[in-house]
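We count ligands from 1, going down the list as the structure has it; atoms in each ligand are counted the same way. All values below come from the heavy atoms of this structure, side chains included, with hydrogens, waters and symmetry mates left out.
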Amino acid sequence: NKVLLETRFNNKTIRIVHGDITEENVDAIVNAANEYLKHGGGVAGAIVRKGGYVIQEESDKIGYVPTGSAAITGAGKLPAKFVIHAVGPVWKDGKSGEDEKLESAVFSSLKIADEKKLKSISFPAISAGIFGFPKERCAKILIETAVKFLEQNPNTTIEEIRFCLFDEPTLNAFVNEFSTRF
Ligand code: AR6
C-alpha cells in the first residue's frame, strides 16, 4: 500500500495510505462492522474472505456490539495481528447523533489497541460505504478523533495511526482534510 501523506503529532505518526486494508502490515486493522458482527460486504467481507472464516467464528462468539463501540478478534491469515471491529452509525439525516457515534467508534478502537499495548493501527473510512456517511465529514471526524486520542493519551503504546482508503473519492476527502489540518 502506498503512503501519500504523513505527519508527526505528539511524537506519533499519522499517515494517509491508498490501498487495501487487508494488506496492511500493522498490529491491528479496523473493520467497518455492523452490530451483529455479520461480515457480509465492503471491508468486512474482504477481511473474512482474505483472513479466513475463523474471523467470523471469533466474531460470533462476541455476538452483539452496540453502535459507537468496538471489539477485538484475531486476524486469521492476514498480515495484521488483530482485527478491531468498530461499529459506526448508519447515516440518517446528520441530526441523529451520527457524528458522535462515529467518533465514539473510532475512540473505542484506539482505546482497545492501547489496552492491548499495540503499536500500529490502520482504519478504513468507517460508515462511509454501505452505511452512507458523507465522505468529507467522515474524514474530518476520523482524523480529529485520532488527534484527540493522542492528545488525551500521551503515554499510549500506539506509535502509528494509519487511514487506509480504497476508492478515489474517499481518498481525496482524507487527503483534503489532512492537508488543511497539518
Ligand atoms: N480496504 C480498505 N477500504 C475498503 C476496502 C478494503 N479492502 N473495501 C471497501 N473499502 P463499508 P460501512 C472502503 O461499506 O459503510 C458491511 O456489510 C469503502 O470504499 O465497508 O461502515 C458490514 O458488515 C468505504 O470507503 O463500511 C456492515 O454491515 C469504506 O471502506 C456495513 O458493510 C467503508 O465501507 C458497514 O458499512
Side-chain angles (χ1 to χ4, degrees), residues 1-5 15-26 28-60 62-73 75-80 82-94 96-109 120-143 145-146 160-178:
N1 288 339
K2 194 170 180 229
V3 176
L4 296 186
L5 294 168
R15 293 192 163 101
I16 301 292
V17 181
H18 186 201
D20 181 345
I21 201 163
T22 62
E23 288 168 16
E24 287 279 89
N25 210 321
V26 288
I29 58 168
V30 176
N31 178 21
N34 57 50
E35 290 183 324
Y36 305 99
L37 304 186
K38 295 299 180 198
H39 312 308
V43 189
I47 287 174
V48 172
R49 271 197 310 278
K50 288 210 189 173
Y53 197 71
V54 63
I55 298 173
Q56 181 63 68
E57 286 170 343
E58 279 188 55
S59 299
D60 289 342
I62 296 166
Y64 184 78
V65 177
T67 298
S69 56
I72 189 166
T73 68
K77 295 175 279 190
L78 296 176
F82 298 96
V83 177
I84 296 174
H85 305 272
V87 185
V90 176
W91 179 260
K92 229 185 230 167
D93 53 9
S96 307
E98 293 95 331
D99 292 353
E100 293 75 12
K101 285 172 191 157
L102 184 56
E103 171 173 348
S104 169
V106 173
F107 208 90
S108 305
S109 302
S120 54
I121 182 168
S122 185
F123 284 89
I126 302 169
S127 285
I130 293 165
F131 281 0
F133 205 101
K135 299 171 189 9
E136 293 74 20
R137 198 153 159 170
C138 172
K140 187 169 192 286
I141 292 170
L142 263 58
I143 292 171
T145 306
E160 180 183 14
I161 301 176
R162 297 161 70 97
F163 296 100
C164 179
L165 299 320
F166 197 57
D167 63 281
E168 208 80 27
T170 308
L171 177 66
N172 288 337
F174 276 75
V175 165
N176 285 340
E177 180 58 32
F178 191 94

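Atom 21 (O) of ligand 1 has Ser127 N, 2.8 Å as its closest protein atom, hydrogens excluded (heavy atom only). Nearest protein neighbour of atom 13 (C) of ligand 1, counting heavy atoms only, is Val43 CG2, 3.9 Å. Looking at atom 3 (N) of ligand 1, its nearest protein heavy atom turns out to be Phe166 CB, 3.3 Å. Ranking protein heavy atoms by distance to atom 33 (C) of ligand 1, first place goes to Ala125 O, 3.2 Å. Closest to atom 18 (C) of ligand 1, if we only count protein heavy atoms, is Asp167 OD1, 4.0 Å. For atom 34 (O) of ligand 1, the nearest non-hydrogen atom of the protein is Gly129 CA, 3.3 Å. The protein heavy-atom contact nearest to atom 31 (C) of ligand 1 is Phe131 CE1, 3.6 Å.
Nearest-heavy-atom check against atom 35 (C) of ligand 1 across Gly132, Ala32, Gly45 picks out Ala32. When Asn34, Val30, Ile21 are checked for heavy-atom proximity to atom 27 (C) of ligand 1, Asn34 turns out nearest. One option in Ala33, Gly41, Gly42 has a heavy atom closer to atom 16 (C) of ligand 1 than any other, and that option is Gly41.
The ligand atoms of ligand 1 that sit less than 4.0 angstrom from a heavy atom of Lys38 are 23 (O). Within the listing of ligand 1, atoms 22 (C), 23 (O) sit less than 4.0 angstrom from a heavy atom of Ala44. The contact set between ligand 1 and Gly40, taken as ligand atoms under 4.0 Å from a residue heavy atom, comprises 23 (O). In summary, the atoms of ligand 1 found under 4.0 Å from a heavy atom of Thr170, numbered by their order in the structure, are 25 (O).
Contacts between Ile130 and ligand 1 below 4.0 angstrom, taking non-hydrogen atoms only, involve backbone and side chain alike. At a heavy-atom distance under 4.0 Å, no atom of Lys135 approaches ligand 1. Under 4.0 angstrom from ligand 1, the non-hydrogen atoms of Asp20 come from both its backbone and its side chain.
Judged by distance alone, with hydrogens and angles left aside, the side-chain atoms of Ser108 form a donor-acceptor pair with the main-chain N or O of Gly68 at under 3.5 Å.
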### Task
Kindly determine whether Trp91 and Phe133 satisfy ring-ring contact (aromatic ring centres under 6.0 Å, His included), including the steps that lead there.
CA-CA 5 Å; Trp91 179 260; Phe133 205 101; 5.0 Å; yes

### Message
Evaluate Leu37 against Thr73 for side chain to side chain contact (heavy atoms under 4.5 Å, CB included), listing each step before the verdict.
### Response
CA-CA 11 Å; Leu37 304 186; Thr73 68; 5.8 Å; no

### Query
Under the side chain to side chain contact (heavy atoms under 4.5 Å, CB included) criterion, do Glu98 and Lys92 qualify, and how do the steps go?
CA-CA 8 Å; Glu98 293 95 331; Lys92 229 185 230 167; 3.1 Å; yes

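Between Leu102 and Lys140 the shortest side-chain heavy-atom distance does not fall below 4.5 Å. Contact check for His85 versus Val65: no side-chain heavy atoms found under the 4.5 Å cut-off. Phe166 is not listed as a side-chain neighbour of Pro124, based on a closest heavy-atom distance of 4.5 Å or more. Using a 4.5 Å cut-off on side-chain heavy atoms (C-beta onward), Arg15 and Asn1 make no contact. Between Glu177 and Leu142 the shortest side-chain heavy-atom distance does not fall below 4.5 Å. Residues Asn176 and Glu136 form no side-chain contact, since every pair of their non-hydrogen atoms from C-beta on lies 4.5 Å or further apart.
Contact analysis leaves Thr22 out of contact with ligand 1, as no non-hydrogen atom separation drops below 4.0 angstrom. For Ala128, the heavy-atom gap to ligand 1 drops under 4.0 angstrom.
Paired with Asn31 under the rule side chain to side chain contact (heavy atoms under 4.5 Å, CB included), one option of Ile21, Val83, Val87 passes, and it is Val83.
A distance of 10.0 Å separates CG in Asp99 from SG in Cys138, rounded to the nearest 0.5 Å.
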